[in-house]
Amino acid sequence: MKSLIRKFLTLIGAENLIDKLYNGYFTFKERLQYAILYPVILKIPFAQNFYFVFSKSFGHELKMFISARKDYLKKKHNKTDNLFLLRRNIHRLEKGLLMKNRRNIFALDYIEETVELFKNIAETTPYNDQIKWANDILTEYFKVTSSAPKIDRAHKIYKPIILKLDTSLTFTPYLAKTHHVNSKEAFKTLAQNRKSVRYFDNTKLPDRKLMDEAVEIAALAPSSCNRQPFYFRIIDEPEMVKKVSHLPGGTKGFAENIVAIVAVIGQMNVSPSISDRHLMYVDGSLAAMNFMLALESMGIASCPLNWPEDKAKDNIAGKILGLDKYERPIMMIAYGYAAEDGKLACSVRKPLEQLRKYN
Ligand SMILES: Cc1cc2nc3c(=O)[nH]c(=O)nc-3n(C[C@H](O)[C@H](O)[C@H](O)COP(=O)(O)O)c2cc1C
């Protein structure tokens, strides 16, 4: 329709005039916003809330946050599978254990909750390193703490579980080592070689074993309280790839060349606190960077793809990928073997003076 209107306007010679009016309107609107409207809104309490009250984007984020909080609190109070809470509490215990001036009594406000959660999760999920980590930390905790009513009650719940689990302590705090491997040049080369590739060889796909290894390397990225509020949804079946690669707006012009794609899915139910609502983006992005570097080290090319805050897009992706209400893509990553006839953008970086300030 738009192109038809454009053709008609060109035909009657009015295209330039319409363009001028259109640009003039936007210039006027934006000048009004930065010069008058926004300075005024910023000074009046609550005015910002009213200004954005009908914003679909903020409303969408709010709804997602409330869904996430509902899920988190429900799992917390049913003491079922709140893995994020267990991981956070175990991490807090771990930090308590490694303190040089460690106290004999600590974690009183969450030790009972942790042990109950651990009991339920350990009994219902397959034994893995994550469960063993929690087990090892709890064992160490009860070894080094003194008697106190809350600790004793928690210990009573914990004792029968520990008997069933492996008692060799593998995942307790250990001494730091300086790793004297001179790998700066190798790392720089890897970082330099990773480029956003938009043309892929459509005759071969990276093996899933390599993709799994890349995910495991991605998971070595730091995350707030070691909660890891994300997972990698790897899409390598042609039908699904076709559906998903057209979703990010930034694949215009090369979506057809994408042979496989990953959706890095963020999980907002990591915490009930509104101030933690960005964790999934920070933690997910750190992991995504590790992931892309891991791919690069295996000769697999990738291209990160923007996933804007967009209700309609989220709804479509949610349906295609079967996401929960508190989950959404953080970004997508196209991947595959680079096509030899595909070009790369130089994308020159900001100079050092613009990138860092000391103190
Ligand atoms: C979060 C994120 C979103 C991006 N989104 C897109 C995108 O939608 N389309 C695209 O072609 N490139 C996208 N890129 C790639 C950037 O354009 C690219 O990383 C940047 O220009 C630097 O170039 P290089 O990656 O080749 O070094 C994205 C990169 C990031 C980190």
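For ligands, and for the atoms within them, numbers begin at 1 and follow the listed sequence. For clarity, every value in this text was computed on a predicted model and none was experimentally measured. We use all heavy atoms of the structure for the numbers below, so side chains are in, but hydrogens, waters and symmetry mates are not.
- Across the listed options A288, G250, A334, P248, G250 owns the non-hydrogen atom lying nearest to atom 9 (N) of ligand 1.
- One finds no salt bridge joining E296 and K195 here, because no Lys/Arg side-chain nitrogen approaches an Asp/Glu carboxylate oxygen to under 4.0 Å.
- Polar contact check, A345 against ligand 1: no nitrogen or oxygen pair lies under 3.5 Å apart.
- Within the structure, the closest approach of W307 to ligand 1 does not fall below 4.0 Å when heavy atoms are considered.
- Between N101 and M99, some side-chain heavy-atom pair lies under the 4.5 Å cut-off.
- Between Y158 and F118, the two ring planes are tilted [angle within 30° to 60°].
- Comment: R153 engages E112 in a salt bridge, judged by a side-chain N to carboxylate O separation of less than 4.0 angstrom.
- Of the protein's non-hydrogen atoms, the one nearest atom 25 (O) of ligand 1 is S196 OG, 2.6 Å.
- Note: no N/O pair closer than 3.5 Å links F254 and ligand 1 by distance alone.
- Counting heavy atoms closer than 4.0 Å to ligand 1, residue K252 contributes nothing at all.
- Side-chain atoms of P206 and Y337, non-hydrogen and from C-beta on, do get closer than 4.5 Å to each other.
- When heavy-atom distances to ligand 1 are checked against a 4.0 Å cut-off, S347 comes that close only through its side chain, counted from C-beta outward.
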**OP:** Apply the test salt bridge (Lys or Arg N to Asp or Glu O under 4.0 Å) to residues E256 and K242: give CA-CA distance (whole Å), side-chain angles for both, the deciding distance (0.1 Å), then the verdict.
**Re:** CA-CA 8 Å; E256 295 301 332; K242 217 176 186 181; 5.9 Å; no

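- Near K195, the atoms of ligand 1 lying under 4.0 angstrom from a non-hydrogen atom of the residue are 24 (P), 26 (O), 27 (O).
- In the candidate list Q192, M332, R198, M289, R198 is nearest to atom 10 (C) of ligand 1, counting heavy atoms.
- Using a 4.0 Å cut-off between charged side-chain N and carboxylate O, K75 and D71 make a salt bridge.
- Ion pairing between a basic and an acidic side chain is recognised when a charged N comes within 4.0 Å of a carboxylate O; R227 and D283 show no such pairing.
- A tilted orientation is assigned to the rings of F291 and F232, their planes being inclined by 30° to 60°.
- For atom 3 (C) of ligand 1, the closest non-hydrogen atom of the protein is N306 N, 3.4 Å.
- Of the polar atoms of R194, at least one N or O is found under 3.5 Å from an N or O of ligand 1, judged by distance alone.
- Residue R349 places a heavy atom under 4.0 Å from ligand 1.
- Summary of contacts: the protein heavy atom closest to atom 13 (C) of ligand 1 is P304 O, 3.0 Å.
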